[in-house]
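Reckoned from all heavy atoms, side chains included, excluding hydrogens, waters and symmetry mates.
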Amino acid sequence: MIAEEPVLRVYQKVNPSAFDIESPEKWVKFSTQICRRFFHDYKLPFRLFKGASVLDVGCGTGEKSLVMASLGARVTGVDYNEGALKRARHLASLSSVPENLVFHNSTLPELPSEVLDRKFDFVHADGILHHTIDPERTLNIIAERVAEGGWLIVRNYQTITSLQRLFKRLLVRLGTGEDEDHIVANTERLFPEETARSVQRGGRTVEQSLYDNFVNPRYNPFDSRIPFDLCKRYGFVIYALTPGIEAPVLIGPDMPFPTDRDFSKRMDSLTQAWWSAGLARSAMASAPASRILETKRPLLEECLKAGSDFEGALSELIKKPDGERWDLATGNMIIYLESLKVVFEALSSSYVEHVTTFLEEIRGLQPVVRECFDDGDSLESLPAMKVLFRGLSGFPMTSWVLWRPEPIVTPLTSEAP
C-alpha cells in the first residue's frame, strides 16, 4: 500500500472517476456511452456479459461496474480508495441488481484471497495501470485472473501516443517542487485548452481533469512491447485495438493498407503519426503481414527501431526528468520523426507536412526547456507552435481487447498410426 500512497492522496482529494448518474436521464446517457464502447468500438459479442463473472480492476466509484452488472454480469470491483468505494456501494444499493455487485478495498499486488484464487470470464482495467508503480507487473497479476475462453480489456496510456500529454506534464511541473497549487497554476496558464477539452469531451470537471492528468504524481504509460509480450506469455490473441487500428487490418493476409480517409474518421493526422511505431511493430509481429505492408517492410523496420529507441528514452525521462534525459529523449524523437517522414513519403504523403512541422517545433523547444532544467526555473512562455501543443491531445489512451482461447484438445485414440 505504501508504494501507492502518493496517488491515493490525490484521488482522495479529487476522485477522477466520479460521474453523476443518479438521474435516469444521466444514467441512460452514461450507460449508452459505455455500451457503445464495448459493442461498437471493441466489437464484443452482445451476450458476453450475461451470466459472466467480471473483475473490474480499479473500479473507482463503480459506474462502469454498474453498467456491466445491468447487462447481466456478476461484478467484483477492486479499488484502493475506500472513499470511492463508499460511493460505488451507494450506487449499487440504488441499482436494480445490487446482488450482482461486490466491492473490495485493495491494491492490486495485495488482492484478497477471494479474488486472487479465482478466474474470471471478463477482466476490465480501464485507465488505472499507468498510475501504479510497476504497470507491467500489475498487468501480469490481472492477466493471471482471466479464465480460458475469457477476455481482458486494458485501456491504458502508451508512451508514444501519450507524447504530447507527457511533455505537457513535464513542462507544467518544471521548477514546482511538486507543489499542487503551482502545478495547477502552470497548467491553467500554459495549456488552458487541455482542461476545456477534457470537460467538453470527457464529462469531467475542471478539477478532476487537472488533478488526474497533471497533479497526479505517477504517470507511467506502456511502451508498445508490453501487450505483445503479454499475449505470448499467457496465450492471448488481439481481438481489437482502438482507436484507429484494428487487428484484422494488420494480420491480413489480403487486407489492404488503410486509406487516409479511413483513418481520418477516428484519428487526426498527427495522432496517426504516433501510431506508426505501433503499426510497424504490429506488422512485424503478424504472420502473415498484409502484402502491401510486406512490400514496405524495410521502412517499417527502420521506423520500428527508431520508435523503440524513442520509447526507451522517453520512459527514462518520465522516471527521472533532468536536462540530460530531456536532450536524449528529444534527440531520439527527432531521429524517429525523420524515419516516420520517410514512411509517410512512401505510404501516406499527405502527412509529411505535419511531421516536418513537428520536427521544426521540437528543435525550437529543446533548448528552451533545457535552459529551464539547468536553472531550476518554471517555463514562463512557450514558443509559438502549430502542431506539438495543439488544442487536441490526440488519443493517448489505447484499448487492448484480448481474448484467451481455450486450448484445442486432440482426442486420444487407440488406433495404430
Review point. Hey, what do you get for CG (Leu382) to CG (Leu365), rounding to the nearest 0.5 Å?
Key: 7.0 Å

Check your understanding: Roughly how far apart are Tyr42 OH and Tyr239 OH, rounded to 0.5 Å?
Key -> 13.0 Å

**Study point:** Distance-only donor-acceptor check, side chains Asp212 and Tyr11, under 3.5 Å
**Key:** yes

Review point. Are the aromatic ring centres of His124 and Phe38 under 6.0 angstrom apart?
Key: yes

Check your understanding: How long is the span from the OG1 atom in Thr330 to the CZ atom in Arg363, to the nearest 0.5 Å?
Key -> 10.5 Å

Review point. Does some side-chain heavy atom of Ser53 sit less than 4.5 Å from a side-chain heavy atom of Thr76?
Key: no

Review point. How many angstroms lie between CD1 in Ile128 and CG in Asp79, if you round to the nearest 0.5 Å?
Key: 8.5 Å

Point to revise | Spacing of Tyr211 atom OH and Ile183 atom CD1 [to the nearest 0.5 Å] | key: 9.0 Å

Study note, to complete from the structure: Value for CG (Asn100) from CE (Met68), rounded to nearest 0.5 Å, stands at 12.0 Å

Point to revise | Chi angles and distances behind the side chain to side chain contact (heavy atoms under 4.5 Å, CB included) call for Phe191, Asn213 | key: CA-CA 12 Å; Phe191 305 115; Asn213 295 327; over 6 Å; no

Review point. Can Asn186 and Arg189 be counted as having a side-chain donor-acceptor contact under 3.5 angstrom?
Key: yes

Check your understanding: Considering all heavy atoms of both residues, which atom of Asn140 and which atom of Arg233 are nearest to each other, and what is their separation?
Key -> OD1-NH1, 2.9 Å

Review point. So do Thr356 and Glu360 actually touch side chain to side chain, heavy atoms under 4.5 Å?
Key: yes

Check your understanding: What heavy-atom pair brings Asp121 and Ala52 nearest, and what distance separates the two atoms?
Key -> OD2-CA, 3.4 Å

Review point. Please walk me through it: do Tyr336 and Glu311 pass side chain to side chain contact (heavy atoms under 4.5 Å, CB included)?
Key: CA-CA 10 Å; Tyr336 168 58; Glu311 277 185 329; over 6 Å; no

Practice item. Let me see the working for Val7 and Tyr80 under side chain to side chain contact (heavy atoms under 4.5 Å, CB included), right down to the final yes or no. Key: CA-CA 10 Å; Val7 175; Tyr80 60 13; 2.8 Å; yes

Practice item. Would you check if the distance from the ring center of Trp151 to the ring center of Phe49 is below 6.0 Å? Key: no

